[in-house]
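This one's a predicted model, so the numbers in the text were calculated from it and none came from an experiment. All chains are named by letter (A, B, ...) in the order of the sequence lines, taking the proteins before the strands, and each is independently numbered beginning at 1.
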Amino acid sequence: MPIRVFNTLGRRYEPFEPIQPGLVKMYVCGPTVQDVAHLGHARTYIAFDAIIRFLEYRGYRVFYVRNITDVGHLREETGEDRIIEGAGREKLQPMELVDKYMFAFFKDMEALGIRRPNIQPRASMHILDMIEFIKGLIEKGHAYVVDGNVYFDVSTFPDYGKLSGVKYEELIKHRIEPDPRKRNPADFALWKKAEKGYLLKWNSPWGEGFPGWHIECCVMAIKYLGEQIDIHGGGQDLILPHHENEIAQAEAYTGKKPFARYWLHTGYLTINGEKMSKSLGNFISIRDALKKYEADVLRLFILSAHYRSQIDYNEQSLSQAEENLRRIRDTLNQLYELVDEAEERGEVPGEIGEARKAFIRAMEDDFNTPGALAEIYRLTRSANSYIQSSSKHSKTALKAYYGAILELSQSIGLLQNYKPAKMKYPADAAKVLNILLEIREELRKRRLYELSDSIRDKLSEIGIIIEDTNKGPRVKFRK
RNA sequence: GCCCGGGUGGCCGAGCGGCUAGGCGGCGGGCUGCAGACCCGCUUCACAGGGGUUCAAAUCCCCUCCCGGGCUCCA
């Protein structure tokens, strides 16, 4: 079965066929490193991480580029560069600020277990490429120079609006008074003139200035991936104008359509039903979220909804993810423990193959992670059932369950660092614990439950959970 | 105003013409001295409302209501 994806360009499902068989060229818009990364970034990058990992699991080689925006991204209300704004706020040089938050971003991505892109190009290191690109657009008649500024002439690109579905007549209506030097209100800046004393500026054929935000992704994508790429992704909020403008620039420049075959966009993340924003005071950074929930919990929460739908970050949903993760891990731990005492027999339960197939089918259908997770839960229940039903387990079956649950989880980036839970105390402590457990069993036989329960409670306080089963006590370790 | 998405059982969340999604929570049962874990069953065949198409609609069409988002700040 081929993979099918929902392409924002055309708003329909399409079979996924990369330009070069077996190789996926993928670009995802990275952050503007003006401040710490937030849960919205986590949502988008985790969703794409799962997509990339699954593509790799299916045998594709994925060449992945995600940029760092460190120049040119203006805030429309004030017209101020976001980096300069942040630098002012923190009393740093602009490039000091960029360093600080770029490395913080890398750290957050690593903490979330997100695969590193093959290249993470910075906009400020590609100014010359952008200047060349803009020169090309002017030569081809798609851009014009006014007073040290260069604008893209939207009227020369009839496809403008094809991604967002916004009609041309709508685009030229305006809430904010357009720059009167533009020929058309929908025209956007490729290069902007810098005022005196402005720190982030470069020399160009049009005078000192800096690039517009939209040109960077386009230039860097083409530089590292080629004139036509397979997947271009980002948050839904980037569809207009950012991605619309990228298409216009790239296709006008190269003359090749489409710039990207598949445009994938992630849905928003809200906090307790509200949009996350600084002004609402409900802004949650990745690092703060990680203090409360481990990376796998956040990932499981995010993958519990489809990447295109909106998800809400709230306590209930997160504790649900915690509970589900706990259950998967407990099952894996138990499977692992039982292998030693199991018999050398050869049968693999049929459900395992079925679940794997269903998992892959779900993921192949526009990366339906909730459907895929349902198969992991199914396997978990089936494994527990097997553990419970049979007194003599087969090594092959236990290993097959263990391997399949881990394999499928890891194919979407879950449980990357999973290790069977072990006691974190020295070997002697294990012996002491066993003596304690023997005594407790003796107490239970003599019906001295008050004492035996007290042992259980106290062990529980230090992270050693005793569960009495018909096969004797079972020990679990918690952090 | 215009343009995109949505509204599914107590909650989260798939499905998008016929075939049990799944999970959380709750209840009952099994196992248990108890607790927990786990398994089984139940949680009235739930699909915003109203029309229509169809042998058949949560799924397609029309209208209405409600929610989220975008319309040059945003992942």
Rounded distance (Å) that lies between atom [atom2] of [N] and atom [atom1] of [X]:
X	N	atom1	atom2	answer
A/Tyr27	B/rA75	OH	P	12 Å
A/Leu325	B/rC12	CG	P	21 Å
A/Tyr268	B/rC67	OH	P	19 Å
A/Asp187	B/rU72	CG	P	15 Å
A/Tyr313	B/rC12	OH	P	17 Å
A/Arg308	B/rG68	CZ	C1'	16 Å
A/Asn184	B/rU72	CG	P	14 Å
A/Asp366	B/rG5	CG	C1'	14 Å

Pairwise [atom1] distance, [M] and [N] [rounded to whole Å]:
N	M	atom1	value
B/rA21	B/rC47	P	13 Å
B/rU53	B/rG69	C1'	32 Å
B/rU20	B/rA46	C1'	14 Å
B/rG50	B/rU8	P	16 Å
B/rG6	B/rG17	P	14 Å
B/rC42	B/rG36	P	23 Å
B/rU59	B/rC16	P	13 Å
B/rG10	B/rC62	P	30 Å

Give each protein N/O atom lying under 3.5 Å from an N/O atom of nucleotides 7-10 of chain B, with the pair distance.
none

Taking C-beta and beyond as the side chain, do A/Leu55 and A/Ile231 meet within less than 4.5 Å on heavy atoms?
yes

Does any non-hydrogen side-chain atom of A/Asp312 lie less than 4.5 Å from one of A/Leu269?
no

Looking at [Y] and [X], is any side-chain nitrogen of the basic one under 4.0 Å from a carboxylate oxygen of the acidic one?
X	Y	value
A/Lys162	A/Glu251	yes
A/Arg329	A/Glu294	yes
A/Glu375	A/Lys357	no

Mate of [N] where both pairing distances stay under 3.5 Å, Watson-Crick or G-U:
N	answer
B/rG22	B/rC12
B/rC74	none
B/rA58	none
B/rG36	none

For A/Asp70 and A/Ser124, indicate whether the former's side chain and the latter's backbone hold a donor-acceptor pair under 3.5 Å.
yes

Which part of the nucleic acid does A/Gly40 contact within heavy-atom distance under 4.0 Å: base, sugar-phosphate only, or nothing?
base

Does A/Leu269 reach a base, just sugar-phosphate, or nothing at all? Heavy atoms under 4.0 Å.
base

Heavy-atom nearest nucleotide on RNA chain B for A/Tyr377 versus A/Gln310: which residue maps closer to 5'?
A/Tyr377

For A/Asp365 and A/His41, take the nucleotide of RNA chain B holding the closest heavy atom to each; which residue's nucleotide lies nearer the 5' end?
A/Asp365

Protein within reach of the bases, or only the backbone? For nucleotides 30-40 of chain B, mark each nucleotide 5' to 3' as B, S or -, using heavy atoms under 4.0 Å.
BS-BBBBSBSS

side-chain N/O A/Asn368 vs B/rG15 OP1/OP2, d < 4.0 Å
yes

May I ask you to verify if any side-chain N or O of A/Ser309 is less than 4.0 angstrom from the OP1 or OP2 atom of B/rA14?
yes

Please identify each residue that fulfils side chain to side chain donor-acceptor pair (under 3.5 Å) with A/Gln316, with sequence neighbours left out.
none

Can a side-chain donor-acceptor contact be found between A/Asn118 and A/Tyr224 if the only test is distance below 3.5 angstrom?
no

Do A/Ser285 and A/His38 have side-chain atoms, one donor and one acceptor, less than 3.5 Å apart?
no

Geometric class of the A/Phe48/A/Tyr307 ring pair [parallel <30°, tilted 30-60°, perpendicular >60°]
tilted

Run the salt bridge (charged side-chain N to carboxylate O under 4.0 Å, His left out) check on A/Arg4 and A/Asp366 step by step: do they pass?
CA-CA 5 Å; A/Arg4 67 165 196 162; A/Asp366 196 30; over 6 Å; no

Out of B/rC4, B/rA14, B/rC11, which nucleotide sits closest to the side chain of A/His306?
B/rA14

